[in-house]
Q: 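Have a look at this one before I ask anything.
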Number of protein chains: 2
Amino acid sequence: MQKSEVTIHDISKALGIDSSTVSRALNDSPRVSSKTKAKILAKATELGYRRNSLASNLRTNKTYTIGVVVPRISRNFFSNVISGIEETAYENGYNVIICQSLESLDREQKIMNTLLSNRVDGVLISISMETTSFKHLEPFKNYGTPIVFYDRPCNYGGCTSVSINDFEASFMATEHLIFNGCKRIVHFGGPQHIELYQNRKKGYISALEKHGLEFDKTLFLETKLTEEDGVKLAKKVINIKGGVDGIYAANDTSAISAMRYFKLNGVIIPDEISIVGFNNDPISVVIEPSLTTVNQPDFEMGQIAAKALIDQIKEKKCKTKALVLGSDLIVRGSSSKIRLS
Amino acid sequence: MQKSEVTIHDISKALGIDSSTVSRALNDSPRVSSKTKAKILAKATELGYRRNSLASNLRTNKTYTIGVVVPRISRNFFSNVISGIEETAYENGYNVIICQSLESLDREQKIMNTLLSNRVDGVLISISMETTSFKHLEPFKNYGTPIVFYDRPCNYGGCTSVSINDFEASFMATEHLIFNGCKRIVHFGGPQHIELYQNRKKGYISALEKHGLEFDKTLFLETKLTEEDGVKLAKKVINIKGGVDGIYAANDTSAISAMRYFKLNGVIIPDEISIVGFNNDPISVVIEPSLTTVNQPDFEMGQIAAKALIDQIKEKKCKTKALVLGSDLIVRGSSSKIRLS
DNA sequence: ATCCAGAATACAATCGATTGTATTTTTGAA
DNA sequence: TTCAAAAATACAATCGATTGTATTCTGGAT
């Protein structure tokens with residue numbers, strides 16, 4: 001009863017057919033007559049045979065599995081990306097192992113080790129906010145295991161990155177605030193060793209400059225953009241001398257958390273402060289006023305990243321350096337200021 | 001450069017030591033002298049050796065991997081459960097494969113097949129809303145691979161279920177509405193072949209009866225509780241003859257979606273209709289009025305389920321039939337009716 | 001110097017499936 | 001009926017690590 005573990009050898013014995021033939025039959029090889037195939041298939045289902053992927057993968061040196069490293073699956077953006085990845089992966093016969101780094105480098109390193117030991121065929125990764133070195137990615141080179149970055153692009157080992165144009169999106173978002181009359185705009189930025197957040201900051205600065213607003217260092221606030229950070233940031237904003245009339249946050253989580261703090265403390269949005277976020281979390285449309293935010297093609301990003309990776313796994317062909325997707329600003333109540341002055 | 005694939009045999013050759021000794025050394029066996037161990041370890045890192053888990057797992061018939069089947073990772077409740085599972089799993093040296101069924105039975109079946117082929121040591125599953133038969137779980141019995149249900153308990157093969165007491169929580173939620181003066185309470189129920197949703201319905205009915213309110217079939221609305229369902233349900237509620245003054249929804253998603261529809265259509269919450277949800281989604285505290293809801297120990301549920309599974313994997317000992325966790329009602333604005341009449 | 005127990009290491013089979021090569025069987029044409 | 005080519009099947013090595021058993025080595029006691 002326990003450990004039935006039917007193998008091709010059991011089928012082989014039961015039918016008096018060599019195990020190699022059984023294997024070929026189960027893989028629908030043309031080297032086996034259809035009559036024998038039928039017999040084998042029948043016996044296989046009768047005995048409840050299940051291929052042992054471990055053995056198969058060991059022999060073929062191929063696992064049809066791709067590893068996905070994600071900072072945090074609970075973020076709506078990421079869970080949508082994952083859905084996109086899964087869809088494309090399954091369509092192409094690949095399995096997916098999802099791992100959360102929880103924004104920790106230590107965890108990310110452990111994950112990469114595990115993925116390597118498990119001989120995944122490729123990895124899709126959005127690096128953690130703590131990741132400053134790429135040493136833990138080195139071994140993948142030796143194994144010829146391709147890596148594709150998504151959302152958070154990286155200049156590493158000629159790997160492909162799939163992302164939106166964060167500079168442009170940021171520029172648009174900031175410019176939108178400016179068009180609405182904001183003159184002192186705070187930027188809630190993410191860790192600046194991450195290219196993504198650098199680009200968002202650059203877009204912000206560039207928009208300011210284009211419109212003759214000087215970049216004021218005291219209006220740039222760097223955090224990890226968590227919910228807790230949002231509250232801290234809001235407090236800081238209230239105390240900034242010279243006042244603040246707009247906030248462009250590099251994600252919705254911090255923007256919404258700050259908004260809630262403002263609301264509790266009588267700061268009127270958007271009248272006193274306009275706010276723009278990033279990611280279009282479902283919550284952004286529910287909060288009042290609803291949050292203006294940058295919408296990214298998350299699901300599609302997952303599909304495209306997975307496709308790019310699978311192409312590299314299969315053909316080992318030339319890699320595109322970067323795949324850049326479009327994004328758009330969704331204007332909502334948090335920034336629709338009507339200035340009467 | 002490509003495919004370096006260092007094996008224990010490479011180390012073996014490089015040092016003139018048998019591969020069995022190398023294997024033992026890498027596993028820190030007492031049968032190898034510490035001097036030799038040191039030599040081997042050094043050579044291993046020098047060559048960049050990585051254990052091939054496929055080979056190891058094949059030989060030992062153990063993968064130290066548990067499969068997690070989840071309806072949808074984007075649901076906050078589930079992503080928290082997963083975090084709990086991961087934490088406990090990693091602490092115990094287990095890897096985790098996360099798979100989304102997307103509430104589809106077909107997908108769930110495919111997933112179970114893959115997990116079986118990959119010879120996971122155990123499975124944690126919250127069945128999909130379409131799952132009415134458990135045929136796809138049968139093979140796991142033969143392999144002696146334990147299954148533990150979480151969140152959505154199941155009476156199947158003596159497997160352990162980890163969940164809250166849905167009947168009680170539901171009872172409390174409904175009673176809360178009654179205490180607030182509601183007399184015609186609609187229940188947004190989930191698929192009734194799922195034990196979880198049966199229990200929630202039973203709790204609802206029981207609370208009604210306790211307070212002398214008759215169960216009115218027309219006030220019980222069964223759907224899959226999606227966002228779209230929420231809108232449809234809200235429309236129905238508005239048209240129910242005899243009126244409705246309270247809603248107890250079996251999840252927050254549908255409750256919030258309905259709330260938004262009500263707000264857009266001038267139905268005042270909680271004055272005209274009080275609402276209680278289930279799950280304590282982050283969004284429930286942001287919407288206005290904030291949503292009264294049942295909070296479950298999600299992270300903890302993940303930890304406990306993982307622990308239960310690992311115990312079964314390790315000791316194959318007596319299984320607890322059911323592990324029931326506590327839950328509590330978080331009262332917020334959507335149900336704090338102040339009746340002046 | 002000799003012998004023995006225990007430590008250290010080597011040998012060889014094994015996990016289950018795959019695959020190149022060899023052998024047998026079948027088929028069709030002469 | 002015979003034979004070569006093609007089809008079908010069998011043989012055997014292999015993937016990389018593990019593990020029971022056998023062998024060699026070591027140090028200490030006699």
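Lettering of chains follows the sequences in order, A, B, ..., and the numbering in each one begins at 1. Side chains are part of it too, since the values below use all heavy atoms of this structure and drop only hydrogens, waters and symmetry mates.
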Q: Return whichever of A/S19 or A/K37 has its heavy-atom-nearest nucleotide of DNA chain D closer to the 5' end.
A: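 In this pair, the answer is A/K37.
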Q: Whole Å only: how far is the CZ atom of A/R119 from the C1' atom of C/dA17?
A: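 About 18 Å, once rounded to whole Å.
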Q: Are any of A/S33's side-chain N or O atoms less than 4.0 Å away from OP1 or OP2 of D/dT9?
A: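 A/S33 to D/dT9 OP1/OP2: side-chain N or O found under 4.0 Å.
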Q: Can you tell me the distance, in whole Å, between the OH atom of B/Y143 and the P atom of C/dG16?
A: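 Taking OH of B/Y143 and P of C/dG16, I get 10 Å after rounding.
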Q: Return no unless some side-chain N or O of A/T36 is found under 4.0 Å from OP1 or OP2 of D/dT9.
A: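 Yes, A/T36 has a side-chain N/O under 4.0 Å of OP1/OP2 on D/dT9.
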Q: Check this for me: does the side-chain of A/R24 come within 3.5 Å of the base of C/dG20 through a donor and an acceptor?
A: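 It does, because a donor-acceptor pair links the side chain of A/R24 to the base of C/dG20 below 3.5 Å.
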Q: Main chain of B/C154, side chain of B/S161: is a donor-acceptor contact present, judged purely on distance under 3.5 Å?
A: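 Yes: the side chain of B/S161 pairs with the backbone of B/C154.
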Q: In whole angstrom, what separates A/K62's NZ from C/dG16's P?
A: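 Nearest whole value for this atom pair: 23 Å.
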Q: Pick base, sugar-phosphate or nothing for A/I17, based on heavy-atom distances below 4.0 Å to the nucleic acid.
A: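 Answer is sugar-phosphate: A/I17 comes under 4.0 Å of backbone atoms only.
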Q: OP1 or OP2 of C/dA17 sitting under 4.0 Å from any side-chain N/O of A/S23?
A: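 Answer is no, no contact under 4.0 Å.
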Q: Within this structure, what is the CG-to-C1' distance between A/L54 and C/dG16, rounded to whole angstrom?
A: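 So the CG-C1' distance, A/L54 to C/dG16, works out to 9 Å.
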Q: For B/A55 and A/T21, find the nucleotide of DNA chain C closest to each by heavy atoms; which residue's nucleotide sits nearer the 5' end?
A: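 Result of the comparison: B/A55.
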Q: Does B/K141 make a cation-pi contact with B/Y143, if we ask for NZ or CZ under 6.0 Å from the ring centre and within 45° of the axis?
A: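 Judged by the rule, B/K141 and B/Y143 form no cation-pi pair.
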Q: Rounded to whole Å, how long is the line connecting atom CG of A/N57 with atom C1' of D/dT14?
A: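 After rounding, the gap between these two atoms is 15 Å.
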Q: Counting side-chain heavy atoms from CB outward, which of D/dG16, D/dC11, D/dA17 is closest to B/R51?
A: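 Shortest atom-to-atom distance from the side chain points to D/dA17.
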Q: To the nearest 0.5 Å, tell me how far B/R107 CZ sits from B/Q100 CD.
A: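 Those atoms lie 7.0 Å apart.
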Q: Going by modelled atom types, is there a donor-acceptor pair between the base of D/dT9 and the side chain of A/R31 at under 3.5 Å?
A: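 Indeed, a donor on one side and an acceptor on the other fall under 3.5 Å apart.
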Q: Give a yes/no answer on whether the side chain of B/N27 brings an N or O atom under 4.0 Å of OP1 or OP2 in D/dT18.
A: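 Checking B/N27 against D/dT18: at least one side-chain N or O falls below 4.0 Å of OP1 or OP2.
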Q: At 4.0 Å (heavy atoms only), tell me whether A/V32 reaches a base, stays on the sugar-phosphate, or touches nothing.
A: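 The residue A/V32 makes sugar-phosphate contact but no base contact.
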Q: Roughly, in whole Å, what's the span from CD in B/E5 to P in D/dA17?
A: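 Going from B/E5 (CD) to D/dA17 (P), I get 9 Å.
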Q: Starting at atom CG of A/N52, determine the distance to atom C1' of C/dT14, rounded to an integer number of angstrom.
A: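 Those two atoms, CG and C1', are 13 Å apart.
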Q: A/T320 side chain to A/A322 main-chain N or O, any donor-acceptor pair under 3.5 Å?
A: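 Checking the backbone N and O of A/A322 against the side chain of A/T320, no donor-acceptor pair under 3.5 Å is found.
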Q: How long is the straight-line distance from OG of B/S19 back to NE2 of B/H9, given to the nearest 0.5 Å?
A: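 If we round to the nearest 0.5 Å, B/H9:NE2 and B/S19:OG are 5.0 Å apart.
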Q: Looking at D/dT18, I'd like to know if its phosphate oxygens (OP1 or OP2) sit under 4.0 Å from a side-chain N or O belonging to B/S56.
A: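 For D/dT18, OP1/OP2 do have a side-chain N/O of B/S56 under 4.0 Å.
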Q: Can you tell me how far C1' of D/dC15 sits from NE2 of B/H9, to the nearest Å?
A: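 Spelled out: NE2 on B/H9 to C1' on D/dC15 is 9 Å.
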